[in-house]
Participant: 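Okay, handing you the structure first.
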Amino acid sequence: MRIGIGYDVHKLVEDRKLIIGGVEIKYNRGLLGHSDADVLIHAIMDSILGALALGDIGKHFPDTDKMYKDISSISLLKTIYQLMREKGYKINNIDCVIIAQRPKLAPHIEDMRLTICKVLNTSKDNINIKATTTEKLGFEGREEGIAAQVVCTIDKERK
């Protein structure tokens, strides 16, 4: 078994869609980034890449490459999934926490889990997502941005 961790953060800004976990959430602001800035999917990708000892998403999808401008992070996750499969691994477990004062994310968590498990070809039981506030402390508490932390375990696929 191999373990990887991922962390990502993006600033909240006006005139952007808010996409977290591959799910569009109705809110008055969205996350700023080169891609769609899906903070959760970015952290998941980094955790998988970490478990594979293959660097981070910036190495694989540089924000200086126009090809990735406004790209769906779900499509990037599909690429990371294929890379993981080529190395002979499968998802064992992914545990995520999204840190945001607002919006409330609980109503969207099941949709996020379903979206992610479909891309990673794993059971929904292998994907856990939690959301928490920071009791108005820090940049998340001031509603300046949203962060996500992820731990994943992968195993060699049995032949």
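As a basis for the values below, the full set of heavy atoms in this structure was taken, side chains included, without hydrogen atoms, waters or symmetry mates.
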Participant: How long is the gap from CD1 on Ile19 to CD1 on Ile41, to the nearest 0.5 Å?
Facilitator: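 So the CD1 of Ile19 and the CD1 of Ile41 are separated by 10.5 Å.
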
Participant: Less than 4.5 Å apart, any side-chain heavy atom of Cys96 and any of Met112?
Facilitator: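 Side chain of Cys96 against side chain of Met112, heavy atoms only: no contact under 4.5 Å found.
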
Participant: Within a radius of less than 6.0 Å around CG of Asn28, do more than 12 heavy atoms belonging to other residues, nucleotides or ligands occur?
Facilitator: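 Yes, enclosed.
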
Participant: Assess whether side-chain contact (heavy atoms from CB on, under 4.5 Å) is satisfied between Asn92 and Met1, documenting all intermediate values.
Facilitator: CA-CA 8 Å; Asn92 195 24; Met1 177 177 26; 3.8 Å; yes

Participant: Return the minimal non-hydrogen interatomic distance between Ala51 and Cys152, and the atom names on each side.
Facilitator: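 Result for this residue pair: CB-SG, 4.2 Å.
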
Participant: Tell me whether Arg16 is salt-bridged to Asp70, with the criterion being a basic N under 4.0 Å from an acidic carboxylate O.
Facilitator: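 Salt bridge between Arg16 and Asp70, a charged N being under 4.0 Å from a carboxylate O: yes.
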
Participant: Near Lys69 NZ, under 6.0 Å, is it more than 12 heavy atoms from other residues, nucleotides or ligands?
Facilitator: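 Atom NZ in Lys69 is packed in, count exceeds 12.
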
Participant: Might you point out which heavy atoms bring Tyr68 and His60 nearest each other, and give the distance in Å?
Facilitator: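 Heavy atoms of Tyr68 and His60 come nearest at OH-O, 3.7 Å.
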
Participant: Let's go through Leu31 and Leu12 carefully: what are the C-alpha distance in whole Å and the side-chain angles of both, what is the deciding distance for side-chain contact (heavy atoms from CB on, under 4.5 Å) to 0.1 Å, and is it a yes or a no?
Facilitator: CA-CA 5 Å; Leu31 295 170; Leu12 280 164; 3.7 Å; yes

Participant: If you round to the nearest 0.5 Å, how far is CD of Gln101 from OG1 of Thr133?
Facilitator: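 Rounded to the nearest 0.5 Å, the OG1-CD separation comes to 4.5 Å.
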
Participant: When you compare the side chain of Tyr89 with that of Lys156, does any pair of heavy atoms fall below 4.5 Å?
Facilitator: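 Yes; the side chains approach each other to less than 4.5 Å.
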
Participant: Report the distance from atom CD of Glu144 to atom NE2 of His10, rounding to the nearest 0.5 Å.
Facilitator: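 Going from the CD atom of Glu144 to the NE2 atom of His10 covers 15.5 Å.
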
Participant: Please say yes or no: joined through hydrophobic side-chain contacts below 4.5 Å, possibly via intermediate residues, are Leu18 and Ile74 part of one cluster?
Facilitator: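 Yes, because Leu18 and Ile74 connect within a single hydrophobic cluster, where side-chain heavy atoms sit under 4.5 Å apart.
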
Participant: Do Ile91 and Ile154 come within less than 4.5 Å of each other through their side chains, counting heavy atoms only?
Facilitator: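 In contact.
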
Participant: Assess the side chains of Asp36 and Ser73: does a donor N or O sit below 3.5 Å from an acceptor N or O?
Facilitator: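 Yes, a side-chain donor-acceptor pair sits under 3.5 Å.
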
Participant: Between Thr132 and Ile98, is there a side-chain heavy-atom distance shorter than 4.5 Å?
Facilitator: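 Side-chain contact under 4.5 Å: no.
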
Participant: Does the side chain of Phe61 come within less than 4.5 Å of His34's, by heavy atoms?
Facilitator: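 Sidechains of Phe61 and His34: no contact.
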
Participant: Mind checking the CE-CG spacing from Met45 to Leu76? Nearest 0.5 Å is all I need.
Facilitator: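 Met45 atom CE to Leu76 atom CG measures 5.0 Å (nearest 0.5 Å).
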
Participant: Where do Asp95 and Lys130 land on the side-chain contact (heavy atoms from CB on, under 4.5 Å) test, with the steps shown first?
Facilitator: CA-CA 8 Å; Asp95 189 26; Lys130 306 171 290 279; 2.5 Å; yes

Participant: Less than 4.5 Å apart, side chain to side chain, heavy atoms only: is that true for Leu54 and Lys59?
Facilitator: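 They are not in side-chain contact.
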
Participant: Determine the minimum heavy-atom distance between Ser75 and Ser72, stating which atoms define it.
Facilitator: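 Closest approach of Ser75 to Ser72, heavy atoms only: OG-O, 2.7 Å.
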
Participant: How close do Ala131 and Leu105 get, heavy atom to heavy atom, and via which atoms?
Facilitator: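 Heavy atoms only, the tightest pair is CB-CB, 3.9 Å.
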
Participant: Let me check something: do Ile80 and Leu52 share a hydrophobic cluster, defined by ILVMFWY side-chain heavy atoms less than 4.5 Å apart, either directly or through other members?
Facilitator: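 Hydrophobic grouping puts Ile80 with Leu52.
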
Participant: State yes or no: do Tyr27 and Ile146 share one hydrophobic cluster built from I, L, V, M, F, W and Y residues joined by side-chain heavy-atom distances below 4.5 Å, directly or via other members?
Facilitator: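 The answer is yes; both residues are in one hydrophobic cluster.
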
Participant: Working to the nearest 0.5 angstrom, can you tell me the gap between Ile57 CD1 and Asp63 CG?
Facilitator: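 Taking CD1 in Ile57 and CG in Asp63, the distance rounds to 9.5 Å.
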
Participant: Measure the spacing between CZ of Phe139 and CZ of Arg142 and express it to the nearest 0.5 Å.
Facilitator: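 The CZ atom of Phe139 sits 9.0 Å away from the CZ atom of Arg142.
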
Participant: Do Leu77 and Ile48 touch side chain to side chain, with heavy atoms closer than 4.5 Å?
Facilitator: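 Yes, close enough: below the 4.5 Å cut-off.
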
Participant: Are more than 12 heavy atoms, taken from residues, nucleotides or ligands other than Lys90, located less than 6.0 Å from that residue's NZ atom?
Facilitator: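 Yes, because the 6.0 Å sphere around NZ of Lys90 holds more than 12 heavy atoms from other groups.
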
Participant: In this structure, would Val39 and Ile71 fall into the same cluster of hydrophobic residues linked by side-chain contacts under 4.5 Å?
Facilitator: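 Val39 clusters together with Ile71.
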
Participant: A quick test of your reading: do over 12 heavy atoms of other residues, nucleotides or ligands sit less than 6.0 Å from CZ of Arg102?
Facilitator: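 No, because the 6.0 Å sphere around CZ of Arg102 holds 12 heavy atoms or fewer from other groups.
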
Participant: Between Asp155 and Thr153, is a side-chain contact (heavy atoms from CB on, under 4.5 Å) present by the stated rule, with each step listed?
Facilitator: CA-CA 7 Å; Asp155 273 319; Thr153 60; 6.0 Å; no

Participant: Report whether Leu49 and Val119 are members of the same hydrophobic cluster (ILVMFWY, side-chain heavy atoms less than 4.5 Å apart, transitive linking).
Facilitator: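 Yes, same cluster.
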
Participant: Quick one, Val150 and Leu40 - any side-chain contact, counting heavy atoms below 4.5 Å?
Facilitator: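 Answer yes - side chains close enough.
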
Participant: What closest approach, in Å, do Ala37 and His42 show between heavy atoms, and which atom pair accounts for it?
Facilitator: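 Answer, listing the atom of Ala37 first, then His42: CA-CE1, 3.8 Å.
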
